[in-house]
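Position 1 is the first residue of the sequence, and the numbers go up from there. What you see is a predicted model, and the numbers here were worked out from it, not measured in a lab. The figures here come from the full heavy-atom set of this structure, side chains too, leaving out hydrogens, waters and symmetry mates.
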Amino acid sequence: MGVMTSLPSTDDSLLVRTDFGDESAWLRTREAALAENEDGFRAYVAVVDEPSLDTASWEDLRAAAREIEQHAAVLFIADQEAMGREHPIQVVDLSAEQRPPFRCAATVLWSVDNNLNLANMDWEEFASAVGDDGVHRGFS
């Protein structure tokens, strides 16, 4: 399936919803991803809530995002798995390096978004700091 809807051109990371099975789960996921942490940090994301993207693959979304003239360093995908406990959102690299995605608990999405887009940290620092389940929950 190709991504029919064009993704917006923005400096912000995109948070793309690809699971439309449970509206309340999506609202909880979005709220957790957009919330400020206790120090006032937040993710700067543009939410894409477009039913035509239901079940779109991360590979298709990555290709579509890379075609946008102006795009962030990362793409966030709220798929079926992300609707569960901790909202483990899929993090997709938009560089030319084609690094495999990892997941990030929604409560620390701000850290991944801010640090990768500002190049304060690199992909490997986050991708290597995941739990046994492949989810990044911050640095201890």
Side-chain angles (χ1 to χ4, degrees):
M1 179 192 92
V3 175
M4 301 303 176
T5 305
S6 61
L7 299 174
S9 177
T10 173
D11 286 333
D12 293 337
S13 299
L14 299 178
L15 173 61
V16 180
R17 178 184 183 184
T18 64
D19 180 79
F20 289 81
D22 183 339
E23 190 66 22
S24 62
W26 159 243
L27 294 174
R28 287 191 302 274
T29 301
R30 186 180 70 188
E31 181 181 357
L34 299 179
E36 281 190 6
N37 78 347
E38 59 277 359
D39 296 319
F41 291 107
R42 67 177 182 90
Y44 293 90
V45 297
V47 175
V48 179
D49 186 355
E50 176 52 59
S52 67
L53 297 175
D54 191 23
T55 70
S57 71
W58 71 264
E59 295 93 342
D60 284 346
L61 290 169
R62 179 184 186 279
R66 284 184 46 83
E67 288 174 14
I68 301 168
E69 187 175 335
Q70 187 175 330
H71 63 75
V74 291
L75 168 68
F76 300 114
I77 301 175
D79 57 6
Q80 187 173 11
E81 190 174 334
M83 301 300 163
R85 195 174 65 79
E86 287 189 299
H87 310 292
I89 292 169
Q90 193 168 36
V91 181
V92 178
D93 179 26
L94 293 180
S95 77
E97 296 189 38
Q98 299 189 4
R99 296 175 278 216
F102 64 91
R103 290 191 177 271
C104 168
T107 55
V108 294
L109 192 74
W110 66 269
S111 176
V112 175
D113 174 65
N114 293 193
N115 286 299
L116 291 180
N117 282 318
L118 295 172
N120 287 341
M121 297 175 71
D122 65 28
W123 182 266
E124 287 74 23
E125 290 178 82
F126 287 101
S128 65
V130 295
D132 291 339
D133 57 359
V135 178
H136 175 77
R137 294 180 175 86
F139 298 98
S140 46

- Query: Where do Arg17 and Glu23 land on the salt bridge (charged side-chain N to carboxylate O under 4.0 Å, His left out) test, with the steps shown first?
  - Reply: CA-CA 11 Å; Arg17 178 184 183 184; Glu23 190 66 22; 3.0 Å; yes
- Message: Does Gln80 have more than 12 heavy atoms from other residues, nucleotides or ligands lying within 6.0 Å of its CD?
- Response: no
- Query: Just wondering, more than 12 heavy atoms not from Glu31 lying within 6.0 Å of its CD?
  - Reply: no
To check you understand the geometry: which heavy-atom pair defines the closest contact between [X] and [Y], and what is its length?
X: Leu116; Y: Met121; value: CD2-O, 3.5 Å
X: His87; Y: Ala32; value: CD2-CB, 3.9 Å
X: Trp123; Y: Pro101; value: CZ2-CA, 4.2 Å
X: Ala105; Y: Arg137; value: CB-CG, 4.3 Å
X: Leu94; Y: Ala72; value: CD1-O, 3.4 Å
X: Arg62; Y: Leu75; value: N-CD2, 3.9 Å

- Message: With no hydrogens and no angle check, just 3.5 Å: does a side-chain donor-acceptor pair link Asp93 and Gln98?
- Response: no
Are the side chains of [Y] and [X] in contact, using a 4.5 Å heavy-atom criterion?
X: Asp49; Y: Phe20; value: yes
X: Phe76; Y: Cys104; value: no
X: Val108; Y: Phe139; value: no

Pair up each side-chain donor or acceptor in residues 34-43 with any protein partner under 3.5 Å, not counting sequence neighbours, and list the distances.
| unit_1 | atom_1 | unit_2 | atom_2 | d |
| --- | --- | --- | --- | --- |
| Asn37 | OD1 | Asp39 | N | 2.9 |
| Asn37 | OD1 | Gly40 | N | 3.0 |
| Asn37 | OD1 | Phe41 | N | 2.8 |

- Query: For the residue pair Phe102 and His136, does the interplanar ring angle fall in the parallel (under 30°), tilted (30 to 60°) or perpendicular (over 60°) class?
  - Reply: perpendicular
- From the list Ile77, Val16, Asp19, side-chain contact (heavy atoms from CB on, under 4.5 Å) with Leu53 holds only for Val16
- Task: Scan Thr10, Asp12, Asp11 and name whichever one has a side-chain hydrogen bond (donor to acceptor under 3.5 Å, both in side chains) with Gln70.
- Result: Asp11
